[in-house]
> 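Structure below; questions to follow.
Bear in mind the structure is a predicted one, so any value in this text is a computation, not a measurement. When reading the values below, keep in mind they use all heavy atoms of this one structure, side chains included, and skip hydrogens, waters and symmetry mates. One-based numbering along the sequence shown.
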Amino acid sequence: MSRLVVVSNRVGIPDGSARAGGLEVSIRPALKKRGGIWFGWSGKVAEDRTGAAKTVEHDKVSYITIDLLKDDYEEFYNGFANRVLWPILHYRLDLAEFTRRDLGGYFRVNQYFVENLERVLRPDDVIWVHDYHLMPLAQMLRERGHKNRIGFFLHIPCPPPEILTGLPNHERLIPALCHYDLVGFQTENDANNFSRYLAIEVGLKRAGDDAFHYEDRIVQTGIFPVGVETEAFARLARRAVNSQFVRHVMTSMADRALIIGVDRLDYSKGIPERFNAFERFLTEFSDWRGLVTYLQITPRSRSDIREYADIARQVGELVGRINGTFGEASWTPLRYVNKAHSRTALAGLYRFARVGLVTPLRDGMNLVAKEYIAAQNPEDPGVLVLSRFAGAARECGAALLVNPYDSEGVAIAINRALGMPLEERRMRHEANFAVLVKNDLTHWAERFLGLLEGPMAAEAEVRPAVRRVGGAG
Ligand code: F6P
């Protein structure tokens, strides 16, 4: 078996810290099982480029990280990746702030990744690149003569061509993905949007159902909804409810029903809209006042970016308004916490919560939704209220699916979830859990790597139709 080299902006160095974000959670087990290299940014900003890449060896995996310069951090991370690509890929053209300087920084840092990466690369390594920070990486490697199998997985949504073309320089960025052998997406919708872009904007001809001719190569696309370690997370949750931390939170609830939300502080997560819905719920279904507590855990994220500072302020104001209006000396309706929590703590809280509120305005997958399901007690499960605009909604159709822009609809769903009879809760949970067992994290990684390393369209002579790669497995 070839050596696996994973490349992503964030690297999950095993240092015991609790960081927020689905990418790290999804890559770690795949690499741990097979061993290999995980290459990316250290998360640190250095004064100059004199520091060499640092390597930490742990459990068959070499974690190799490089620092960014201040300008790189500003132009690449805060700039093009998170002020342009992030909003546009989340359908928010209105929030994108494009500058040519940031675009230059994006390409410069990708080049810097390539220069450092090729020091450790072997010709038969299989390379798996993750997420929007590193879209041009394969093209840059190819230009330097690397012929490795290279795959790319987009963890976040891919919008339709009508929105993608609003991305300045999309002609340079999106077709660059065709230098990968395999480009994977979370849902059929994302994969179709990419295919439509290639057909309409680049004029590529199909080389089968899911593959396209591009210059002298063939690029294969596929649908790989990322999963969680379903059974292991369920075990963790069973143990975690007895932890001191979870017991302490439970005691502080004084028999009130817990509603839980866990998200990075990001405008794509729909937190203000969710708070409005909770306010509406307390207004319309006033019998619940004093009987429920909504705990929203929201670690701060990308705080140097104006839109993130704005959302932090807006959310803080809403918390004040809701607690000011409805709170009592003995009851705080909404607990809002910015601290990141360990996976164990979250697993226990999910199991204890009667309702999981996951209502992003747009999300590639959303692993909180899947972990909430995995954590439930099958005998007495809680209910997931899930945005139809999260990738997870495709697989978790037995959740209460809502439109996060419709605060009245979300308020009604919260009320329904809290009052749902046990039999219905069990049926819904069983259906969702079965899907997550079938398409767990191992399955996701094996399917992607199986295709990337197998006899792909790029090697075949141009087959009339390539087997459709899709579904929840
Ligand atoms: O899952 C999407 C993603 O942007 C990952 O690429 C990233 O690691 C995670 O969210 C957290 O974001 P950040 O790395 O910017 O803190």
> Under the side chain to side chain contact (heavy atoms under 4.5 Å, CB included) rule, collect the residues that match up with Leu401, sequence neighbours excluded.
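Side chain to side chain contact (heavy atoms under 4.5 Å, CB included) check on Leu401 returns Leu386, Ala393, Ala399.
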> What residues, two or more places apart in sequence or in another chain, satisfy salt bridge (charged side-chain N to carboxylate O under 4.0 Å, His left out) together with Arg92?
Asp94
> How would you list, by chain and number, every residue that makes a salt bridge (charged side-chain N to carboxylate O under 4.0 Å, His left out) with Lys33, sequence neighbours excluded?
Glu446
> According to salt bridge (charged side-chain N to carboxylate O under 4.0 Å, His left out), does anything in residues 95-106 pair up with another residue at least two apart or in another chain? List the pairs.
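Listed by first then second residue: Glu75-Arg101, Glu97-Arg306.
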> Applying side chain to side chain contact (heavy atoms under 4.5 Å, CB included), can you list everything that pairs with Thr298, at least two apart in sequence or on another chain?
Leu265, Ile271, Gln296, Tyr336, Asn338
> Residues in salt bridge (charged side-chain N to carboxylate O under 4.0 Å, His left out) with Arg313, at least two apart?
Asp310
> Residues two or more places apart in sequence or in another chain: which of them pass side chain to side chain contact (heavy atoms under 4.5 Å, CB included) with Val126?
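Applying side chain to side chain contact (heavy atoms under 4.5 Å, CB included) to Val126 gives Ser2, Leu4, Arg34, Arg149, Leu452, Glu453.
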> Please output the side-chain donor-acceptor pairs of residues 162-169 that fall under 3.5 Å, not counting sequence neighbours, one pair per line with the distance.
residue: Glu162; atom: OE2; partner: Arg196; partner atom: NH2; Å: 2.9
residue: Thr165; atom: OG1; partner: Pro161; partner atom: O; Å: 2.8
residue: Thr165; atom: OG1; partner: Glu162; partner atom: O; Å: 3.4

> Could you list the residues that satisfy side-chain hydrogen bond (donor to acceptor under 3.5 Å, both in side chains) with Tyr132, not counting sequence neighbours?
Asn82, Arg302
> Pairs in or reaching into residues 120-138: which pass salt bridge (charged side-chain N to carboxylate O under 4.0 Å, His left out), with residues at least two apart or in two chains?
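Qualifying pairs, neighbours excluded: Arg3-Asp125.
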> Using the salt bridge (charged side-chain N to carboxylate O under 4.0 Å, His left out) criterion, which residues pair with Asp440? Sequence neighbours excluded.
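Partners of Asp440 under the salt bridge (charged side-chain N to carboxylate O under 4.0 Å, His left out) test: none.
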> With Phe233, which residues qualify under ring-ring contact (aromatic ring centres under 6.0 Å, His included), at least two apart?
none
